[in-house]
Amino acid sequence: MLENIRDLKTGARRVAVETLKLSNLKFECFLWKKVALAGSTMANQVQALYDFTGEPGTTEMTITCGEILTLMNTDIGEGWWEGKNSKGQTGLFPAAYVQKLSPEENTPAKMAPPAPRYDQAADDWSDQQYNAGDSNYHKSTSHDDGWEDDWDEDTYSEIGPGAPNTKSMNQQAPLTPLPGMPIADYNSQIDDGTSNFSSVGTVRKSKFAPSSKVSGESYLLGTLNVEVPESDKVYIVQEGDGYIWAAIPQPYNVTVASPKKESKFKGIKSFIAYQLTPSFNNIQVSRRYKHFDWLHERLQEKFTLVPIPPLPDKQIAGRYDEQLIERRRVQLQEFVDWMSKHPVLSKCEVWQHFLTCTDEKRWKAGKRQAERDNLLGLNYCISLVVPEKALLQTQVDHITEQCHTFVNSMDSSVKSVTNMCLAQTKRFQAPYKTDCQKVGEAFYNLGNALSLDEGTVISTSKLTSAIKLTGGAYIEIGRMYEEQPKYDWEPLGDKFHLYKGIVGSFPDVLANHKAAVQKKRECERLTAEHKMEVAQLNEVLRRTDVISYALLAEINHFKQERTVDLKATMQKFLRQQITFYKKIVDKLEMTLQQYDE
């Protein structure tokens with residue numbers, strides 16, 4: 001009996017110990033979940049890297065460089081977060097203008113090392129899974145592929161304006177890349193000195209990814225088997241001693257007009273929508289800047305032998321300013337003008353889809369089709385129909401070398417003109433205007449001084465009145481200087497913004513052609529070593545000629561377009577300059593007549 005009682009006590013003691021161990025284990029899991037939650041809370045602190053001024057009358061919040069903010073919502077979309085400052089004020093700010101602080105930066109005390117990985121298993125304490133020490137927990141997200149959700153996915157990323165006082169900060173702690181932004185692109189130095197608006201720009205994915213879909217190796221080696229419909233084929237024809245794209249059978253134009261402010265998320269997010277109307281159907285479609293940006297990425301991926309015209313720079317501060325909206329509309333008009341006049345781009349399926357689609361289901365299907373396109377990069381050359389004549393490689397090399405030299409020189413010149421236009425605009429609107437107004441005020445004060453000698457409030461002397469009128473004339477000339485850039489310098493800058501993007505893309509075009517030629521030479525070497533059949537080499541030579549024909553056609557197209565375009569641009573600029581200075585002469589001559597009378 002005593003032995004039985006002793007066995008029962010021993011068994012009960014063992015059960016109690018096991019129960020205590022289980023309770024301790026569960027309690028330890030609970031403690032480390034609290035640690036994880038604390039880390040998550042601390043990770044919700046962010047520090048402003050740049051100053052940002054919120055638009056008055058909106059949900060945007062002004063932040064200053066170095067300010068600590070508490071994150072409240074990161075699911076606003078389009079690169080915006082919601083947060084609260086130390087004063088308890090809440091609002092939206094650009095996600096790219098802040099960086100998250102780690103738990104070590106939020107508290108001087110270091111956390112204890114993580115416990116054994118008990119907390120990685122789900123238990124009764126919570127239906128979420130945490131990792132000890134993690135600052136964030138994992139949650140599932142749904143990806144609805146509807147019109148609005150698709151077009152709200154960020155197809156661009158914004159970077160904050162560079163400032164001298166943030167350089168060291170950026171070097172010590174690189175910013176976390178935003179969704180959709182390649183790390184290499186994000187951390188690379190961006191030359192924004194020639195921006196027409198601000199130093200905020202658009203960072204796009206590289207269009208020359210190391211993929212067989214883009215590199216064109218499958219096309220060169222004849223392993224790409226795709227049937228191209230006759231309507232999608234593009235012809236290259238001989239004209240004189242050169243080769244050009246076949247002319248557009250039915251030319252058309254597209255008008256970008258009526259930019260208007262719209263909103264979503266029940267008014268929490270505002271944006272500008274532009275109305276596009278193609279002349280071939282006169283049906284208006286509404287497109288936002290990010291829709292243009294999505295299109296631009298598709299075009300860059302598809303056409304590596306055709307420079308794609310640039311878009312306006314992405315803008316955050318002052319984006320609802322009427323003058324800025326009009327400048328962006330003008331630059332978007334330059335973009336669509338170049339697209340609609342290009343024999344290849346104007347008939348591209350993704351461009352036509354962008355111009356005409358108004359139905360949600362059609363948009364979704366077309367968008368998916370464009371993103372699954374197999375004819376990207378040099379593979380697109382399977383759509384080209386070229387003359388049968390074989391090209392002489394030495395002549396092709398000579399033309400490409402000339403083009404390379406021209407592009408280097410043109411790139412420098414275009415950037416110089418773009419900078420000059422921006423500098424002249426600033427001078428007209430600031431020092432030139434101010435100087436004229438100072439001259440006017442000096443003359444007007446002289447007239448006031450002379451009138452004091454007449455002993456009357458209203459001057460009766462014609463000389464005194466003429467001097468005052470001279471002062472008023474110079475003040476008015478100052479106002480004319482302030483208004484003038486939108487008629488000459490800004491349009492000229494917008495045009496060269498277009499050429500800056502196109503010329504800047506040509507080195508990549510030439511590099512793609514060079515890579516194809518190198519591949520051809522490699523195949524010639526393999527044939528000489530009896531490692532490749534002669535018939536296979538002949539196919540590679542023919543396809544390399546197709547690529548060369550495309551390059552020659554694009555070089556000639558660019559030459560023809562710029563000859564006509566730059567002539568019209570310079571004529572318009574000079575006419576505006578002449579009109580402006582004639583107005584100044586007319587005003588001064590009218591003032592001079594006051595002294596004769």
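Heads up: numbering here begins at 1 and tracks the sequence. Since we're looking at a predicted model, the values are computed, not measured.
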Step-by-step side-chain contact (heavy atoms from CB on, under 4.5 Å) determination, Leu295 to Phe335: CA-CA 12 Å; Leu295 169 69; Phe335 171 80; 4.1 Å; yes
Residue pair Phe506, Phe406: steps toward the ring-ring contact (aromatic ring centres under 6.0 Å, His included) verdict: CA-CA 10 Å; Phe506 256 103; Phe406 162 75; 8.0 Å; no
Asp337 and Gln333: CA distance, side-chain angles, deciding distance, side-chain hydrogen bond (donor to acceptor under 3.5 Å, both in side chains) verdict: CA-CA 6 Å; Asp337 284 348; Gln333 184 68 63; 2.9 Å; yes
Residues Lys520, Leu220; criterion side-chain contact (heavy atoms from CB on, under 4.5 Å); working and verdict: CA-CA 8 Å; Lys520 181 194 75 169; Leu220 278 173; over 6 Å; no
Test side-chain contact (heavy atoms from CB on, under 4.5 Å) applied to Leu566 and Tyr499, step by step: CA-CA 10 Å; Leu566 289 180; Tyr499 281 95; 3.8 Å; yes
Residues Leu376, Thr304; criterion side-chain contact (heavy atoms from CB on, under 4.5 Å); working and verdict: CA-CA 8 Å; Leu376 303 178; Thr304 55; over 6 Å; no
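By the side chain to side chain contact (heavy atoms under 4.5 Å, CB included) test, Val226 pairs with Leu224, Leu375, Ile382, sequence neighbours left out.
With rounding to the nearest 0.5 Å, the separation of CD1 in Ile555 from CD1 in Ile244 is 14.0 Å. Here the CG-OG1 distance, from Leu276 to Thr356, works out to 11.5 Å after rounding to the nearest 0.5 Å. Leu552 CG to Gln238 CD: the interatomic distance, rounded to the nearest 0.5 Å, is 11.0 Å.
Classification of Arg368 and Glu371 as a salt-bridged pair fails, no side-chain N sitting under 4.0 Å from a carboxylate O.
Both tests do not hold together for Arg329 against Tyr274: distance to the six-membered ring centre under 6.0 Å, angle to the ring axis within 45°.
Residue-environment remark: CD (Glu533) stays at or below the threshold of 12 foreign heavy atoms within 6.0 Å. Counting non-hydrogen atoms of neighbouring residues, nucleotides and ligands closer than 6.0 angstrom, the CD atom of Glu529 exceeds 12 such neighbours. Annotation for Glu349: atom CD does not count as buried by contact number, only 12 or fewer foreign heavy atoms lying within 6.0 Å. Crowding of His353 atom NE2: a count of heavy atoms from other residues, nucleotides or ligands under 6.0 Å exceeding 12.
Between Phe580 and Phe428, the two ring planes are tilted [angle within 30° to 60°].
Side-chain contact between Ser548 and His513 is present, with heavy atoms from C-beta onward closer than 4.5 Å. Residues Glu554 and Trp245 are in side-chain contact: their nearest non-hydrogen atoms beyond the backbone lie under 4.5 Å apart.
Each of Val509, Leu510, Leu551 was checked for a side-chain contact (heavy atoms from CB on, under 4.5 Å) with Cys403, and the lone residue meeting it is Leu510. Checked against Trp351 for a side-chain contact (heavy atoms from CB on, under 4.5 Å), the options Val344, Val336, Leu345 give a single hit: Val336.
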